[in-house]
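Scroll down for the structure; my scribbles are underneath it.
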Amino acid sequence: MKKILLTGFEPFLSFSLNPTMQIVKELHGSTVKDYIIEGHILPVDFKKSEVELVKLLDTVQPDIHISLGLAGGRSKITPERIAINVKDGDADNEGNKPQDEAIDPNGREGYFSTLPIRAMVDAMNKAGYPASISNTAGTYLCNNIMYVGRKYAEEHGGQMPSGFIHIPASHELAIEHGRIPSWSHQDLVEAIRICIETTVNFGGMKHD
């Protein structure tokens with residue numbers, strides 16, 4: 001079967017749980033048409049996560065790569081349009097706190113997603129799940145991983161659709177954290193499943 005590499009992150013900052021972990025674990029091993037999903041959790045560590053993602057891409061050799069991240073405070077599912085060559089922000093789980101650093105000093109300024117992000121948003125909205133394209137993945141780990149994944153795809157022939165999707169908090173996290181928008185776990189899973197199905201059905205790469 002063809003393979004989809006789906007990644008999430010461990011908890012970070014003030015978030016004691018990360019709903020992307022639960023989504024990835026639930027979807028791991030499931031199939032969409034002739035694709036099987038291989039789910040993996042990345043560490044919230046600027047240095048280790050890059051290395052681990054590249055190792056996964058080398059080992060799994062997926063036909064599609066989708067990474068998920070938590071955007072606590074957003075109310076919609078937001079596929080990201082672009083990753084920029086910058087890492088900056090709060091300290092990661094190991095205390096690394098880059099400031100104004102390049103992800104790749106010799107790399108491109110940015111990479112656009114090659115997932116069918118407009119079709120994803122349309123499909124989610126049609127199914128009743130609020131979604132919109134995001135034009136900023138920030139400069140923290142999510143942007144970092146999207147950049148590394150897209151760079152890898154480009155350097156290995158450019159045929160593998162690759163990109164990143166931010167999700168809102170789950171109800172469980174919102175109850176613990178406070179006043180942030182949230183979705184039920186099942187709705188988050190179903191919305192991401194729609195994104196995966198849309199990518200598979202699209203049958204190719206697209207810049208949106």
Side-chain angles (χ1 to χ4, degrees), residues 6-28 37 39-46 48-49 53 66-84 86-99 103 113 115 117-118 120-149 163-198 208:
L6 181 69
T7 72
F9 281 109
E10 64 186 7
F12 65 103
L13 298 177
S14 61
F15 301 107
S16 64
L17 58 91
N18 192 328
T20 65
M21 288 183 65
Q22 297 164 294
I23 294 168
V24 168
K25 287 177 181 179
E26 183 161 334
L27 292 177
H28 175 70
I37 297 171
H40 294 271
I41 307 303
L42 297 174
V44 177
D45 180 317
F46 278 102
K48 293 178 182 177
S49 59
L53 178 61
I66 300 174
S67 284
L68 306 178
L70 168 65
R74 291 189 188 180
S75 60
K76 298 179 179 182
I77 300 283
T78 50
E80 296 295 340
R81 191 189 299 272
I82 189 170
I84 60 173
V86 177
K87 47 184 171 183
D88 185 287
D90 295 312
D92 64 21
N93 287 354
E94 298 301 317
N96 303 304
K97 195 178 186 301
Q99 186 175 59
I103 296 169
S113 174
L115 300 175
I117 57 175
R118 179 64 64 188
M120 283 179 173
V121 166
D122 290 345
M124 284 188 283
N125 285 330
K126 184 177 180 181
Y129 297 110
S132 62
I133 292 173
S134 168
N135 293 310
T136 175
T139 54
Y140 196 52
L141 268 292
C142 297
N143 174 78
N144 203 75
I145 285 301
M146 180 177 174
Y147 185 96
V148 171
F164 197 95
I165 302 170
H166 267 121
I167 68 166
S170 61
H171 291 334
E172 183 181 3
L173 179 58
I175 289 168
E176 177 183 308
H177 195 271
R179 297 179 179 178
I180 55 175
S182 64
W183 288 29
S184 71
H185 169 70
Q186 199 53 48
D187 282 346
L188 288 171
V189 170
E190 289 307 314
I192 295 304
R193 197 188 305 275
I194 288 171
C195 290
I196 294 170
E197 290 172 350
T198 301
D208 291 275

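Everything numeric here is computed off the predicted structure, so don't read it as measured data. Worth knowing before you read on, the calculation uses all heavy atoms, side chains too, and leaves out hydrogens, waters and symmetry mates.
Side-chain atoms of Asp88 and Gln99, non-hydrogen and from C-beta on, do get closer than 4.5 Å to each other. Counting heavy atoms from C-beta on, the side chains of Pro43 and Asn93 never come closer than 4.5 Å. Looking at His166 and Cys142, their side chains come closer than 4.5 Å, going by heavy atoms from C-beta outward. With contacts defined as side-chain heavy-atom distances shorter than 4.5 Å, the pair Pro79/Leu115 does not qualify. With contacts defined as side-chain heavy-atom distances shorter than 4.5 Å, the pair Thr198/Ile194 qualifies. Residues Leu17 and Gln22 have side chains in contact (heavy-atom distance under 4.5 Å, counting atoms from C-beta outward). Contact of the Glu190 side chain with the Met124 side chain is not registered, since no non-hydrogen atoms from C-beta on lie closer than 4.5 Å. Residues Ile84 and Tyr147 have side chains not in contact (no heavy-atom distance under 4.5 Å, counting atoms from C-beta outward).
Here OG of Ser67 is found 7.5 Å from CG of Leu6. Values are rounded to the nearest 0.5 Å. Residue Ser132 holds its OG atom at 9.0 Å from CZ of Arg118, rounded to the nearest 0.5 Å. Going from atom CD of Glu80 over to atom OG of Ser113 covers 9.0 Å, rounded to the nearest 0.5 Å. The CG atom of Leu70 lies 6.0 Å from the CD1 atom of Ile167; values are rounded to the nearest 0.5 Å. We find the CG-OG distance between Leu141 and Ser49 to be 4.5 Å, quoted to the nearest 0.5 Å. Atom CG of Asp187 is separated from atom CD1 of Ile192 by 11.5 Å, given to the nearest 0.5 angstrom.
The heavy-atom pair separating Ile180 from Ala169 by the smallest distance is CD1-CB, 3.6 Å. Contact record, Gly149 with Leu53: N-CD2, 3.9 Å, taken as the closest heavy-atom pair. When every heavy atom of Pro11 is checked against every heavy atom of Val44, the shortest pair comes out as O-CG2, 4.0 Å. Among all heavy-atom pairs drawn from Asn143 and Val86, the shortest one is ND2-O, 3.1 Å. Taking each heavy atom of Ala91 and Lys97 in turn, the nearest pair found is N-CG, 3.9 Å.
Between the side chain of Trp183 and the backbone N or O of Lys76 there is no donor-acceptor pair closer than 3.5 Å. Looking at Asp92, its side chain does come within 3.5 Å of a backbone N or O of Phe46 through a donor-acceptor pair. Although no hydrogens or angles enter the test, the distance criterion places a donor-acceptor pair under 3.5 Å between the side chain of Asn125 and the main chain of Val121.
Comment: Lys48 does not engage Glu10 in a salt bridge, judged by the lack of any side-chain N to carboxylate O separation of less than 4.0 angstrom.
In this view, Val189 and Ile23, Glu26, Leu27, His185, Gln186, Arg193 satisfy the side-chain contact (heavy atoms from CB on, under 4.5 Å) rule, not counting sequence neighbours. Checked against ring-ring contact (aromatic ring centres under 6.0 Å, His included), Phe9 has no partners two or more places apart in sequence or in another chain.
Under the salt bridge (charged side-chain N to carboxylate O under 4.0 Å, His left out) criterion, no residue pair touches residues 163-174, with sequence neighbours excluded.
Classified by interplanar angle (parallel below 30°, tilted 30° to 60°, perpendicular above 60°), the ring pair Tyr140/Phe12 is tilted.
A side-chain donor from one of Ser182 and His171 sits under 3.5 Å from a side-chain acceptor of the other.
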Practice task
Please step through side-chain contact (heavy atoms from CB on, under 4.5 Å) for the pair Ile37 and Val24, ending with a clear verdict.
Solution key: CA-CA 9 Å; Ile37 297 171; Val24 168; over 6 Å; no
